[in-house]
Asker: 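Here you go, one structure.
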Number of protein chains: 2
Amino acid sequence: MPARQPSKPRARRHTSDARPYHHGDLRRVLIDAALQLAEEGAEVSVREAARRAAVSPGAPFRHFPNRDALMAAAAQEAQRRFRAEIEVALAQAPGTDPLGRFRAFGLAYLRWAMRNPAHFEIISTGRYFAHGSSAELTRDNAELIALTEQMLADAAAQGLLRPADLKPIQIAGRALVYGFARMNLDGHFPRWGVAETEIERMAEAVIDLFISGIAKG
Amino acid sequence: MPARQPSKPRARRHTSDARPYHHGDLRRVLIDAALQLAEEGAEVSVREAARRAAVSPGAPFRHFPNRDALMAAAAQEAQRRFRAEIEVALAQAPGTDPLGRFRAFGLAYLRWAMRNPAHFEIISTGRYFAHGSSAELTRDNAELIALTEQMLADAAAQGLLRPADLKPIQIAGRALVYGFARMNLDGHFPRWGVAETEIERMAEAVIDLFISGIAKG
DNA sequence: GACGAAATGTAATCGATGATTACATAGCGA
DNA sequence: TCGCTATGTAATCATCGATTACATTTCGTC
């Protein structure tokens, strides 16, 4: 036991012998641990995150005032990844057809939600932290919504849609995609096929149905 | 303090002096307390339910093996009320037009979900208890789903729908309504109008949009 | 009616959790 | 080099779900 006497108490950056008193980047590690816990289906506790970071139960509170703040930070990280994937999909979307872009958006949205259900839940639910407690999350989400609304407005301006109020279309589009994602999350889909491809095919069919329902012709 | 000496230890049914040792209908009272707590936005704890029933913290476990069982029972009660309201609405629905019945169903569904968000959450989320832990809840829900699917199948059989696969229509219909309800629940609607009438009007518009999207003509 | 078993409530206790406080150590700048 | 601040530890608290031992009531059976 007494082998713990510091052989190198010098101001070294992180010698490899035993973990240093200061962790290095505990905040980040805690966020990752929280996301990982959620992914595993376990409920996220501050203590368990601390445990995984090999740190005392009180340490996390140096970085987050309370549990909700940790969850909010984890949600921000998840949202960052979510948005990155959306933007990649849009960048690869064929051309300038607003409805085609809308379709690509919806597909990327649902694909991510199907494959990262726990992270999607953290982002969307507003149960782990007060909704609006993270201004960044709220702003980020508002931007994505504005993006889709712009697509639909463009489609209307180009005469691609059947005559109808735009607002209900926008709301319905959001509700449809959000509802599909949450149904998957909340266990409202029977264990459909063997793979996740089947449910993703259904997601595609639902999006196409919606578009054909609002498109002219 | 020593005024607690039982003046009437006889086997009376419930004399009015002081609460009797046995509660009477603790199970029911606990379920109601749980629903009330959810309605108030507080998180539901067994102890708090016991507190409201003026009973010791261990008492509830005589009626429910664990917290989840209490929540499942509460969910069953909420589902019972939900379904009752749906059936009233359907009974009042004008005629035999399948799409009209579908519309009435959707409106009643969303109306209840908007006005009883906490109860809707308990029913739908599968987070308070293992999804499928309550066979009755599952069966009840399956019946409602079968009902709507039958409406859409009838509509298709009567040639009221544009040609399309029925399955995506059924899934999309569920996702749309469920998504709208959950968006409201999860705080994705800005505090729209003063009253709840505005959001209910939007719900109606969304349902009508969906129907017009799948209906022939 | 009387009695004993079953049902139902209480009291005490356990382990886990979020949170706070006092203290220890590291790292950084004047 | 000194000392301030950031960051981690240790100890502690209240709350919660859950279990156990014990108390009281209720009810069927004789």
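Every chain is numbered from 1 and lettered A, B, ... according to where its sequence line falls, protein lines coming before strand lines. Being a predicted model, the structure only gives us computed values, none of them experimental.
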Asker: Once the angle between the rings of Phe120(A) and Phe82(A) is folded into 0 to 90°, is it parallel (under 30°), tilted (30 to 60°) or perpendicular (over 60°)?
Answerer: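 Phe120(A) vs Phe82(A) ring planes: perpendicular.
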Asker: Starting from C1' on dA6(D), measure out to CZ on Phe64(A) and report it in whole angstrom.
Answerer: 15 Å
Asker: Given dT9(D), dG8(D), dA18(D), identify the nucleotide with an atom nearest to the side chain of Ser56(A).
Answerer: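 Side chain of Ser56(A) sits closest to dT9(D).
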Asker: For Phe61(B) and dC16(D), give me the distance from atom CZ to atom P, rounded to whole Å.
Answerer: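 One finds 12 Å between P of dC16(D) and CZ of Phe61(B), rounded.
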Asker: Using heavy-atom distances to pick each residue's nearest nucleotide on DNA chain C, tell me which of Pro57(A) and Asp25(B) is more 5'.
Answerer: Asp25(B)
Asker: For dG9(C), does either OP1 or OP2 sit under 4.0 Å from a side-chain N or O belonging to His63(B)?
Answerer: yes
Asker: Listed in order of residue number, which residues of residues 36-49 of chain A have a non-hydrogen atom at under 4.0 Å from DNA chain C?
Answerer: Ser45(A), Val46(A), Arg47(A)
Asker: Could you note down all residue pairs passing side chain to side chain donor-acceptor pair (under 3.5 Å) where residues 113-123 of chain A supplies at least one of them, sequence neighbours left out?
Answerer: Glu39(A)-His119(A), Arg115(A)-Glu200(A), Glu121(A)-Tyr128(A), Glu121(A)-Arg127(B)
Asker: Please classify the nucleic acid contact of Arg51(A) as base, sugar-phosphate, or nothing, using heavy-atom distances under 4.0 Å.
Answerer: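 Here Arg51(A) touches the backbone only, sparing every base.
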Asker: Taking the nucleotide of DNA chain D with the closest heavy atom to each, which residue, Arg67(B) or Arg62(B), is nearer the 5' end?
Answerer: Arg67(B)
Asker: Rounded to the Å, how far apart are Arg27(B) CZ and dA7(C) P?
Answerer: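 Whole-Å distance recorded here is 15 Å.
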Asker: Hey, are Arg182(B) and Thr125(B) close enough side-chain-wise for a donor-acceptor pair under 3.5 Å?
Answerer: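 Yes, a side-chain donor-acceptor pair sits under 3.5 Å.
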Asker: Please report whether the ring centroid of Tyr178(A) lies less than 6.0 Å from that of Tyr109(A).
Answerer: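 Between Tyr178(A) and Tyr109(A), which both carry aromatic rings, the centre distance is not below 6.0 Å.
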Asker: State the CD1-CZ distance between Ile199(A) and Arg111(A), to the nearest 0.5 angstrom.
Answerer: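 The CZ atom of Arg111(A) is 13.5 Å from CD1 of Ile199(A), to the nearest 0.5 Å.
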Asker: When the nearest nucleotide of DNA chain C is assigned to Gly58(A) and to Gly58(B) on a heavy-atom basis, which residue is associated with the more 5' position?
Answerer: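 Final value for this comparison: Gly58(B).
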Asker: I'd like to know if Asp208(B) pairs up with Arg201(B) as an ion pair, taking the criterion as any Lys NZ or Arg NE/NH1/NH2 lying under 4.0 Å from an Asp or Glu carboxylate oxygen.
Answerer: no
Asker: What are the two closest heavy atoms between Asp154(B) and Pro98(B), and how far apart are they?
Answerer: CB-CG, 3.8 Å
Asker: How close or far is atom P of dC16(D) from atom CG of Leu70(B), stated in whole angstroms?
Answerer: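 After rounding, the reported distance stands at 14 Å.
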Asker: Take atom CG of Leu30(B) and atom C1' of dG9(C), then tell me their distance rounded to the nearest Å.
Answerer: 12 Å
